[in-house]
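The structure under discussion appears below in the form of structure tokens.
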Number of protein chains: 2
Amino acid sequence: MSGKTAKADIQSPILGTYMLDDQVGYLLRLAGQRHAAIFQAHTVQGLTPTQFSTLVRLAENGPCSQNQLGRLAAMDIATIKGVVDRLRQRGFVRTAPSADDRRRHIVSLTDEGARALDRMIPAGRVITEETLAPLKPPERRNLIKLLRKLG
Amino acid sequence: MSGKTAKADIQSPILGTYMLDDQVGYLLRLAGQRHAAIFQAHTVQGLTPTQFSTLVRLAENGPCSQNQLGRLAAMDIATIKGVVDRLRQRGFVRTAPSADDRRRHIVSLTDEGARALDRMIPAGRVITEETLAPLKPPERRNLIKLLRKLG
DNA sequence: GGAAATTCATTTGTACGCAAATGGTATGAA
DNA sequence: TTCATACCATTTGCGTACAAATGAATTTCC
């Protein structure tokens, strides 16, 4: 038998050397959980991360169709629909039929949405800062670089 | 006006210097999306990432209560309940009332669950490998290290 | 022993996140 | 022109993910 336990013990034979705590997928989920909690603690008007991303993309890009907005914000068409619906219910965006293309619903930022985004940007900086707090500045830059490569 | 557009243009004044594409939270979501797609392409028996994590923890730890299993696999009590329910419906785990504590439902791996896990482990290695494919080996180790610090 | 605080499990409500199916609209090639 | 193809939006179904409320059982502390 090895020492007092655990550390170097062989796990259940079924697992062999598979270490869940070292798998990217698992670690990405944990990091995402922590970020989500920090986001929620600092958010304005109850905006969620995806709602915030959507507003940012809308401000960057200007009005666009729902599908395109989904692509800009990296969301599935079913997901972006729900996000846009909720943003519209809250008065942060509005939708209007496109003159050019009768399939399209053009989504645009309302004044209220712009004001909410305006107040949310500083919070976003704080959220990023707090999420990266466990890392030193060079490590932070490195993590961002690696995650971008992974995207 | 600058060049043909976009690249170096100043964004909407409301955004200032806020770059969504550089924010950890956004990048974590993108990386998680990519990993989820790779997972789904290689999974066995339709196991999801959380279901797989749950089975791994159960094999590592042995039978335990639903709440504790949730803590081991980093899931909310409401989330782990749904995961356990679905795993039980598929016959991968079973639950039994605890003799010691009448509040507890002890969750344990079935033979079928063990077999599924057995076939899933190699797939898990492939999934991790493919997810990390854009990175060189030292970068991979670095990313894992940084994500663990962030957890 | 008994009240207070914990813990366990469930349920409800909200919000992603994606697959797949449907139907309307637009476009390009035969 | 018309027909195949592509694109847009919606809907349904399943699976996380967490907050908050509930009720039952256990533990702790006085």
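Each chain gets a letter, A, B and so on, in the order the sequences are listed, and its residues count up from 1.
Following rounding to the nearest Å, Asp76(A) (CG) and dA15(C) (C1') show an atom-to-atom distance of 14 Å. Distance CD (Gln68(B)) to P (dA9(C)): 10 Å, rounded to an integer number of Å. When rounded to the nearest whole Å, the span between CG of Leu30(B) and P of dG17(C) equals 10 Å. For the pair Ile77(A) CD1 and dT22(C) P, the interatomic distance rounds to 14 Å; values are reported in whole Å. If you take CZ of Phe39(B) and P of dT16(D), they are 10 Å apart, rounded to a whole angstrom. Regarding Arg34(B), its CZ atom lies at a distance of 17 Å from the C1' atom of dC18(C), rounded to whole Å. For the pair Tyr26(B) OH and dG17(C) C1', the interatomic distance rounds to 14 Å; values are reported in whole Å. Look at NZ on Lys81(B): it is 18 Å from P on dA19(D), rounded to the nearest Å.
If you check dA26(C), dC16(C), dG15(D) against the side chain of Arg90(B), the one that comes closest is dG15(D). Here dT26(D) is the nucleotide among dC18(C), dT26(D), dT10(C) with the atom lying nearest to any side-chain atom of Arg102(B). Of all nucleotides listed (dA9(D), dT16(D), dC18(D)), dA9(D) comes nearest to the side chain of Ser65(A).
Judged purely by atom type and a 3.5 angstrom limit, Arg94(B) has no side-chain atom pairing as donor or acceptor with the backbone of Thr110(B).
Residue-to-nucleotide contacts include no donor-acceptor pair under 3.5 Å from the side chain of Arg104(B) to the base of dC8(C).
Applying the 4.0 Å criterion to OP1 and OP2 of dT10(C), one finds that Gln66(B) has a side-chain N or O inside that range. Residue Gln40(B) places no side-chain N or O under 4.0 Å from the OP1 or OP2 atom of dC18(C). The side chain of Thr79(A) contributes no N or O atom lying less than 4.0 Å from OP1 or OP2 of dA15(C). For Arg71(B), a side-chain nitrogen or oxygen approaches OP1 or OP2 of dC8(C) to under 4.0 Å. Close to dA9(C), at under 4.0 Å from its OP1 or OP2, lies a side-chain N or O of Asn67(B). Distances shorter than 4.0 Å separate none of the side-chain N or O atoms of Thr50(A) from OP1 or OP2 on dA15(C). When the side-chain nitrogen and oxygen atoms of Gln51(B) are compared with OP1 and OP2 of dT16(D), one or more of them lie within a distance under 4.0 Å. For Arg29(A) and dT16(D), the shortest distance from a side-chain N or O to OP1 or OP2 is not below 4.0 Å. Distances shorter than 4.0 Å separate none of the side-chain N or O atoms of Arg103(B) from OP1 or OP2 on dT27(D).
Scanning all heavy atoms of the two residues, the minimum distance from Arg34(A) to Thr131(A) falls at NH1-O, 2.9 Å.
Leu143(B) and Tyr26(A) fall into different hydrophobic clusters, where Ile, Leu, Val, Met, Phe, Trp and Tyr are joined by side-chain heavy atoms under 4.5 Å apart, directly or via other members.
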Check against side chain to side chain contact (heavy atoms under 4.5 Å, CB included), Arg104(B) and Asn67(B): CA-CA 9 Å; Arg104(B) 291 197 174 98; Asn67(B) 273 19; over 6 Å; no
From CA spacing to verdict: side-chain hydrogen bond (donor to acceptor under 3.5 Å, both in side chains), Gln45(A), Arg90(A): CA-CA 10 Å; Gln45(A) 309 252 121; Arg90(A) 299 188 190 191; over 6 Å; no
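When heavy atoms are screened at a 4.0 angstrom cut-off, Asp101(A) is found touching the sugar-phosphate backbone but no base atom.
Along DNA chain C, the nucleotide nearest to Ala78(A) and the one nearest to Thr48(A) differ in position, and the one closer to the 5' end is contacted by Thr48(A). Comparing Asp85(A) and Met75(B), the nucleotide of DNA chain D nearest to each residue sits closer to the 5' end for Asp85(A).
When side chains are defined from C-beta on, Val84(A) does not count as touching His105(A), because their heavy atoms never get closer than 4.5 Å.
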